[in-house]
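Okay, structure first, notes after.
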Amino acid sequence: DGSAAMGIAASTGASFIRVNVWVGTMATDQGLITGKAREILMQRKRLQANVEVLADVHVKHATPLGSVSLIDTAKDTFLRGKADGLILTGTGTGNPTDASDIATLRLELPQAPLWVGSGVTPDTLPTDVDGVIIGTWLHEESDLSRPIDPDRVSHLVSQMNRTTHQAANNRS
């Protein structure tokens with residue numbers, strides 16, 4: 001519920017929200033979900049909220065109605081829907097995001113902040129994105145019913161620091 005998320009973010013001072021369906025309509029396990037970009041952007045304006053919207057493009061566990069390509073959806077989400085950033089996911093929780101999708105979106109929308117929202121592990125950390133959302137891998141044995149594993153968190157942070165350092169060196 002992007003509208004509820006915006007209201008909560010505005011009242012608590014959060015800097016961003018994630019909206020799974022920003023534009024278009026997706027068939028999901030919860031039924032059909034239609035994006036409400038315009039309504040939420042108007043709400044943000046009314047609330048005078050400095051809250052960014054990170055929006056999924058072809059979110060996991062959902063299928064777009066009709067034959068809409070990843071690129072067309074990303075362009076609609078960012079350019080027409082005015083999302084502040086894009087999130088790419090794999091096909092399900094913990095499933096990796098396709099590296100070719102990341103490369104394609106970087107090429108087609110180089111100005112768009114791009115996040116990876118599923119399947120990230122220390123071995124699959126992408127270097128050509130602006131952020132990552134990590135959940136499943138941090139749990140013991142990558143099992144969401146188990147607690148967060150502090151050793152996995154430490155290992156991931158260490159790998160992220162190495163990857164960030166290597167990416168900075170490659171740019172210089």
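Just the heavy atoms: all of them, side chains too, but no hydrogens, waters or symmetry mates, feed the values below.
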Original post:
Just how far is it from atom CG of D101 to atom CD of E108, taken to the nearest 0.5 Å?
Top reply: 12.0 Å

Subject >> Any P126 side-chain heavy atom under 4.5 Å of V116 side chain >> reply: yes

Original post:
Could you state the interatomic distance from OG (S3) to CE (M42), rounded to the nearest 0.5 Å?
Top reply: 12.5 Å

Subject >> Inter-residue atom distance Q111.CD - L79.CG, 0.5 Å rounding >> reply: 6.0 Å

Subject >> Q159 side, atom CD; D123 side, atom CG - distance, nearest 0.5 Å >> reply: 7.0 Å

Original post:
Are V129 and L86 connected in a single hydrophobic cluster, I mean Ile/Leu/Val/Met/Phe/Trp/Tyr linked by side-chain heavy atoms less than 4.5 Å apart?
Top reply: yes

Subject >> S100 versus D98, side-chain donor and acceptor atoms under 3.5 Å >> reply: yes

Subject >> Backbone of N50 reached by a side-chain donor or acceptor of R44 within 3.5 Å >> reply: no

**OP:** Can you establish whether the number of heavy atoms outside D84 located under 6.0 Å from its atom CG is more than 12?
**Re:** yes

Original post:
Cluster question for you: counting only ILVMFWY and a side-chain heavy-atom cut-off of under 4.5 Å, with indirect links fine, are V21 and L65 together?
Top reply: no

**OP:** Return the minimal non-hydrogen interatomic distance between A5 and I17, and the atom names on each side.
**Re:** O-CG2, 3.5 Å

Original post:
Please, which pairs that meet side-chain hydrogen bond (donor to acceptor under 3.5 Å, both in side chains) have at least one residue in residues 10-23, sequence neighbours excluded?
Top reply: R18-D56

Original post:
Where is the tightest heavy-atom contact between P150 and I148, given as atom of each residue plus distance?
Top reply: CD-O, 3.4 Å

Subject >> Any donor-acceptor N/O pair, T77 side chain to K82 backbone, under 3.5 Å >> reply: no

Original post:
Pick one: which of T73, L114, D72 meets side-chain contact (heavy atoms from CB on, under 4.5 Å) with V57?
Top reply: T73

Original post:
Does one side chain, of T25 or T34, offer a donor that lies under 3.5 Å from an acceptor on the other?
Top reply: yes

Subject >> Cluster overlap W115 with L105, hydrophobic side-chain contacts below 4.5 Å >> reply: no

Original post:
So which heavy atom on A112 is nearest to which on F78, and how close?
Top reply: CA-CZ, 3.6 Å

**OP:** Report the C-alpha separation of L109 and K75 in whole Å, then their side-chain angles, then the decisive distance to 0.1 Å, and conclude whether the side-chain contact (heavy atoms from CB on, under 4.5 Å) test is met.
**Re:** CA-CA 7 Å; L109 288 168; K75 286 180 177 179; 4.1 Å; yes

Subject >> side-chain contact (heavy atoms from CB on, under 4.5 Å) between H139 and S145, worked out >> reply: CA-CA 8 Å; H139 290 262; S145 69; over 6 Å; no

Original post:
Are L144 and L138 connected in the hydrophobic side-chain network, where two residues link if heavy atoms are under 4.5 Å apart?
Top reply: no

Original post:
Same cluster or not: are V120 and V153 linked, directly or through other Ile, Leu, Val, Met, Phe, Trp or Tyr residues, by side-chain heavy atoms under 4.5 angstrom apart?
Top reply: yes

Original post:
Between K36 and V19, is a side-chain contact (heavy atoms from CB on, under 4.5 Å) present by the stated rule, with each step listed?
Top reply: CA-CA 10 Å; K36 298 186 186 298; V19 179; over 6 Å; no

Original post:
So, S118 side chain and G90 main chain: donor-acceptor pair closer than 3.5 Å or not?
Top reply: yes

Original post:
Is V59 close to M26 at the side-chain level, that is, under 4.5 Å between some pair of heavy atoms?
Top reply: yes

**OP:** Compare every heavy atom of V51 with every heavy atom of A9, then report the nearest pair and how far apart it is.
**Re:** CB-CG1, 3.7 Å

Original post:
Can you find a pair of side-chain heavy atoms, one from H155 and one from W137, that are under 4.5 Å apart?
Top reply: yes

Original post:
Rounded to the nearest 0.5 Å, how far apart are CD1 of I133 and CG of L54?
Top reply: 7.0 Å

Original post:
Hey, are the side chains of F16 and V53 touching, using non-hydrogen atoms and a 4.5 Å cut-off?
Top reply: no

Original post:
Which pair of non-hydrogen atoms, one from A37 and one from G81, has the smallest distance, and what is that distance?
Top reply: CB-O, 3.9 Å

Subject >> Step-by-step salt bridge (Lys or Arg N to Asp or Glu O under 4.0 Å) determination, R106 to D130 >> reply: CA-CA 11 Å; R106 270 289 178 230; D130 299 288; 2.7 Å; yes

Subject >> Heavy-atom check, side chain of L70 versus side chain of L88, under 4.5 Å >> reply: yes

Subject >> Shortest non-hydrogen separation from T97 to G117 and the atoms involved >> reply: OG1-N, 4.4 Å

**OP:** Can you establish whether the number of heavy atoms outside Q30 located under 6.0 Å from its atom CD is more than 12?
**Re:** yes

Original post:
Looking only at atom types and distance, does a side-chain atom of S154 sit under 3.5 Å from a main-chain N or O of D151, one as donor and one as acceptor?
Top reply: no

Subject >> Gap separating the CD1 atom of I87 from the NZ atom of K60, nearest 0.5 angstrom >> reply: 9.5 Å

